[in-house]
Amino acid sequence: EREIKGGKIEQNEYEKFERICLESSELEKKASDAERASIKYKQVEYMSEHVGEIFDGTITGVTEWGIYVEEKETKCEGMVKVRDLPNDFYSLDEKNYTLKGEKTGQKFTLGDNVKFKVVSADMERRVLDYQIIIHLCNVELISFLLEYQELLDALLENYVKDYFPKDDCKVLDLLQLLIVFECRNL
């Protein structure tokens with residue numbers, strides 16, 4: 001009431017109110033941390049029942065040690081370690097929030113959609129480990145491949161088998177992609 005009428009707060013009262021505000025802020029921070037910890041615990045608990053299963057996700061973080069992926073439905077976030085990314089050495093492009101493969105040029109960028117498998121759920125550390133199954137940066141290409149799979153298989157069987165050994169998967173995969181692009185131009 002005194003403040004409303006234009007009165008001043010004494011120095012000892014000011015210090016008392018400042019101490020109350022600091023204590024209140026500290027308690028609020030502790031409550032927020034506890035809430036985050038309990039949510040993470042329940043997410044890890046949930047995903048521990050789904051180890052080995054595949055989910056849709058979005059890349060929500062990119063660091064030099066890996067990428068964070070969030071499951072679309074439950075928002076359970078886990079990590080794909082850089083050493084677990086396939087067939088390349090990946091380096092961080094901090095400016096563009098991207099991990100880029102040095103040999104293949106494959107990029108994992110903040111916001112990309114992926115399919116991932118839950119590899120492990122550590123309840124004690126509250127950590128989820130994921131593995132990328134499909135990087136969906138080109139969903140149209142994947143859909144096209146699935147739609148024309150029989151045609152591609154026939155083309156590979158009839159025109160490619162005599163030129164490349166069957167165990168040379170990289171060459172056959174590359175040829176399959178080239179056939180897809182050629183088919184699109186027909």
Side-chain angles (χ1 to χ4, degrees), residues 1-139 142:
E1 185 178 328
R2 174 184 54 194
E3 290 78 24
I4 295 173
K5 293 180 182 176
K8 290 189 175 187
I9 298 175
E10 299 296 326
Q11 182 63 28
N12 64 345
E13 287 181 303
Y14 177 81
E15 290 170 2
K16 175 183 150 188
F17 291 136
E18 185 177 34
R19 190 175 58 255
I20 290 170
C21 289
L22 289 173
E23 288 173 7
S24 176
S25 292
E26 186 62 32
L27 288 173
E28 186 176 345
K29 184 182 179 308
K30 286 180 181 179
S32 179
D33 290 346
E35 179 183 18
R36 271 195 295 279
S38 68
I39 289 170
K40 186 63 178 182
Y41 180 85
K42 293 309 269 181
Q43 288 176 338
V44 174
E45 182 180 54
Y46 172 78
M47 282 302 206
S48 70
E49 298 170 9
H50 298 280
V51 171
E53 293 182 30
I54 296 173
F55 294 90
D56 292 321
T58 302
I59 295 175
T60 56
V62 181
T63 68
E64 61 190 19
W65 56 86
I67 57 177
Y68 290 94
V69 176
E70 182 180 87
E71 197 269 329
K72 289 196 185 248
E73 296 295 318
T74 62
K75 307 294 184 200
C76 295
E77 188 176 64
M79 171 165 274
V80 179
K81 295 178 183 85
V82 169
R83 68 175 179 255
D84 296 333
L85 292 173
N87 306 324
D88 211 337
F89 177 79
Y90 290 85
S91 57
L92 177 64
D93 176 356
E94 289 183 57
K95 186 178 177 183
N96 295 305
Y97 303 101
T98 300
L99 278 178
K100 183 177 180 185
E102 293 190 6
K103 289 187 281 183
T104 62
Q106 178 163 14
K107 294 179 183 180
F108 294 94
T109 303
L110 190 69
D112 284 354
N113 293 315
V114 295
K115 282 206 180 283
F116 68 91
K117 179 166 78 172
V118 180
V119 176
S120 68
D122 186 334
M123 293 295 294
E124 205 170 290
R125 291 180 24 236
R126 295 186 180 109
V127 173
L128 293 168
D129 288 320
Y130 296 157
Q131 176 186 17
I132 297 291
I133 302 298
I134 299 175
H135 184 217
L136 300 176
C137 60
N138 195 340
V139 176
I142 293 168

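- For the side chain to side chain contact (heavy atoms under 4.5 Å, CB included) with E77, the lone residue among T58, V69, T60 that qualifies is T60.
- Annotation for K16: atom NZ does not count as buried by contact number, only 12 or fewer foreign heavy atoms lying within 6.0 Å.
- Residues K100 and D93 are not in side-chain contact: their nearest non-hydrogen atoms beyond the backbone lie 4.5 Å or more apart.
- Put simply, the side chain of I67 reaches to within 4.5 Å of the side chain of I132, judged on heavy atoms.
- Across every non-hydrogen atom of V44 and R126, the tightest pair is CG2-C, 3.6 Å.
- Between F108 and V62, the shortest heavy-atom contact is O-CG2, 4.2 Å.
- Within the 3.5 Å criterion, the main-chain N or O of I20 finds no donor-acceptor partner in the side chain of S24.
- The line from CG of L27 to CG of L22 is 11.0 Å long, rounded to the nearest 0.5 Å.
- Between N96 and T109, every side-chain heavy-atom pair lies at or beyond the 4.5 Å cut-off.
- Side-chain contact between M79 and T63: present, with at least one pair of heavy atoms (C-beta onward) separated by less than 4.5 Å.
- Panel note: side chain S48, backbone E45; a donor-acceptor pair is recorded below 3.5 Å.
- For the pair W65 and R83, the minimum side-chain heavy-atom distance is 4.5 Å or more.
- Comment: E26 does not engage K29 in a salt bridge, judged by the lack of any side-chain N to carboxylate O separation of less than 4.0 angstrom.
- Open room surrounds NZ on K117; 12 or fewer heavy atoms of other groups in view lie less than 6.0 Å from it.
- The distance from atom CE of M47 to atom CZ of F55, rounded to the nearest 0.5 Å, is 4.5 Å.
- Atom CD of E53 is surrounded by more than 12 heavy atoms from other residues, nucleotides or ligands within 6.0 Å.
- Rounding to the nearest 0.5 Å gives a distance of 9.5 Å between CG of L85 and CD of Q131.
- With rounding to the nearest 0.5 angstrom, the CD atom of E64 is 6.5 Å from the CG atom of L92.
- Residues D33 and R36 are paired through a salt bridge, judged by an N-O separation under 4.0 Å between the basic side chain and the carboxylate.
- The main-chain N or O of V127 is never found under 3.5 Å from a side-chain atom of D122 such that the two would form a donor-acceptor pair.
- Smallest separation of non-hydrogen atoms from K72 and G57: CE-O, 3.8 Å.
- Residues D129 and S120 have side chains that bring a donor and an acceptor to within less than 3.5 angstrom of each other.
- For E73, the side-chain contact (heavy atoms from CB on, under 4.5 Å) criterion is met by E71, not counting sequence neighbours.
- Scanning all heavy atoms of the two residues, the minimum distance from V51 to V119 falls at CG1-O, 3.4 Å.
- Nearest heavy atoms, Q43 versus T74: NE2-O, 4.0 Å.
- Counting only heavy atoms from C-beta outward, the side chains of D112 and K107 never approach each other to under 4.5 Å.
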